[in-house]
Amino acid sequence: MSFYVTTPIFYGNGEPHLGHAYSAMAADILARHQRQRGEDVFYLTGTDEHGEPIAQAAEREGITPQQLVDRSAGQFRDMVAKVDATNDFFIRTTDPGHIERVQRVVEKVRENGYVYKGTWTGWYCPRCADFKNESEIGPGDTCPIHEIPLEREEEENWFFELSAFQEPLEKMYVQNPGMIQPDFRRNEALSFIRSGLRDVSLSRSKLSWGVPLTWDPDQVMYVWFDALLNYYTALGYAREDEDLTDRFWPASWHILAKDILKFHAVYWPAFLMAAGLEPPQRMYIHGYLLMGEKKMSKSLGNVLDPFEVIERFGADALRFYCFREVSFGQDGSISTAGFESRYETELANDFGNLASRSLAMVSRYRDGVVPRSAPDPVLSADFDGIVERVSGLLDEAQISQALEEIWTLVRRLNRYVEETQPWVLAKDEGDADRLDRVLYGLIEGLRILTLLLHPYLPNSTATLLGALGEDGLELADFGSGAGGGSVEKIEPLFPKLV
Ligand code: ME8
């Protein structure tokens, strides 16, 4: 089966921060997990490089917009690589391949009769690049997100007939209740749709930094349509020798945060329908990582630098912490103290120690060879169905819940060590069979958990799988290992902080 996952494409006028990394890590966990299951995976991320804020930022710096976005695309590419995201392509909306395809799709929308010329009058937030409805205006005509004054805009534009899609959208979400996750986000989208959809500007005339309309090159595409189309256009040119569109469209999951729900849940499927294309299968709307009270963002200033965190704790620890501390889908606070505490108690102690001591015991008591024994029924009962449970949760993009399932068994294995006390068994030859069974169970449990944890902790699990003599990443059931293989001792996977 094919599996196509995307992150939002990040604005090319900002610097990457942990919020962006969060979406990239989430999409990566899903992509890696599906690859382990042998699915045909494509993971896309990239940068959103057109629009007014970018043109303005470049002007302030005295450089061209292209120079600005070249720099910022480099920073986002670095960020994505640093968090060990395995994206299959990095799209930039200034790519000629994207521009060309955007123009073709919008021509199609026009041919299909959903584009007309009109005059736009209304409130506009340049930071959101969004025309605000009455219900979206803060006190004193401000943007409720950015807390800046809105601009009164009046200009002649091409319009997209969004209003024609009110019913089709409503029907789609009622008939496919799982399409927007979590459910409460679907309800938000539905109530926005039901409150009435107004047509929206498809182009801007006051701007030149964008994709020109082929039939009216004085106008450039409204940046949101240009940006949203990335999910579709990328498949057409990501590979020189193959158009991937049929293989991967419609996308399996768009991952995004609630700030851009409206664009994804309303504008995007409507635009695709207008072009005669299929809407995405599902979208997962995650919450905000909060530092203190407010959302982290470039414009609000309270930014936790993912590069610094990775330098100190490693990418695995960052990935783990973000999905462990904050339940994916909800808003949640993060802090440096929180990182340190989870790192010590969960990564270093629960998991790192379990791995080191299990390997050390096999080394000490069995010369590094895993006994050929049978699974202890006590452990089998606990591990029964774990692969299906975790896979089922990750099919629903329940990243934190899946991790919790795995962690329950990490703790279970630690208790098993305490209960069975292999060091006591080792003292008595009469307990040799029992010790074989315990060590087999420990290594087998560790192997299963390491495979399941791989999408979350790609580096440390790779080290551990090497020490366990495991060469594939395929998920496995407890008890499927034959024993008899050699294992090696390892250095602590998560060294104590100094
Ligand atoms: O909106 N917590 O780009 P953007 C969690 N270019 N996630 C966060 C976050 C936080 N504090 N801050 C940012 C744009 N994000 C458009 C998108 S898509 C066709 C165009 C993540 O650079 C989250 O995924 O402002 C959010 O939706 C996205 O970054 C916004 O990135």
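When a ligand or atom number is given, it counts from 1 through the structure's own listing order.
Residue-ligand proximity, Y22 to ligand 1, at heavy-atom distances under 4.0 Å covers atoms 5 (C). Atom numbering of ligand 1 starts at 1 in the shown order; those under 4.0 Å from a heavy atom of S23 are 21 (C), 23 (C), 24 (O). The atoms of ligand 1 that sit less than 4.0 Å from any heavy atom of L228 are 19 (C). Shown in contact with A227 at under 4.0 Å from a heavy atom are these atoms of ligand 1, numbered in order with element: 19 (C). Applying the 4.0 Å criterion to heavy atoms of I260 picks out, from ligand 1, the atoms 1 (O), 17 (C), 27 (O). Of all atoms in ligand 1, numbered sequentially from 1 with element shown, those under 4.0 Å from a heavy atom of L289 are 2 (N), 5 (C), 10 (C), 11 (N). Contact atoms of ligand 1 toward D259: 26 (C), 27 (O), 30 (C) (distance under 4.0 Å to a heavy atom of the residue). Near Y231, with a cut-off below 4.0 Å to any heavy atom, the atoms of ligand 1 are 18 (S), 19 (C).
Residues E188 and K262 are not paired through a salt bridge, judged by the lack of any N-O separation under 4.0 Å between the basic side chain and the carboxylate. Comment: D84 does not engage R32 in a salt bridge, judged by the lack of any side-chain N to carboxylate O separation of less than 4.0 angstrom. Salt-bridge check for K132 with E153: failed, with every basic side-chain N at 4.0 Å or more from each acidic carboxylate O. A salt bridge is defined here as a Lys NZ or Arg NE, NH1 or NH2 lying under 4.0 Å from an Asp or Glu carboxylate O, and R37 with D395 meets this definition. Ion pairing between E107 and R104 fails under the 4.0 Å rule for side-chain N and carboxylate O.
Compare H286, H20, E15, H17 by their heavy atoms: the one nearest to atom 29 (O) of ligand 1 is in H20. Counting only non-hydrogen atoms, the option in S72, G19, C128 that gets closest to atom 15 (N) of ligand 1 is G19.
Legend: ring pair (Phe, Tyr, Trp, His ring centres under 6.0 Å) pairs involving residues 43-70, not counting sequence neighbours, sorted by first then second residue: H50-W209.
Side-chain polar atoms of T7 and S23 form no donor-acceptor pair below 3.5 angstrom. A side-chain donor-acceptor contact under 3.5 Å links T47 and E49. Looking at T233 and H98, their side chains do bring a donor and an acceptor atom within 3.5 Å of each other. Side-chain atoms of D199 and Y116 form a donor-acceptor pair, as typed in the model, at a separation below 3.5 Å.
Under a 4.0 Å heavy-atom criterion, H264 is in contact with ligand 1. Ligand 1 is never approached by F263 to a heavy-atom distance shorter than 4.0 Å. Residue contacts with ligand 1 leave out W268, since none of its heavy atoms falls under 4.0 Å from the ligand.
Taking distance alone, with nitrogen or oxygen atoms compared against 3.5 Å, D48 approaches ligand 1 more closely than that limit. Some N or O of I9 is nearer than 3.5 Å to an N or O of ligand 1, by distance alone. Checked by distance only, ligand 1 and L256 stay at 3.5 Å or farther apart across all their nitrogen or oxygen atoms.
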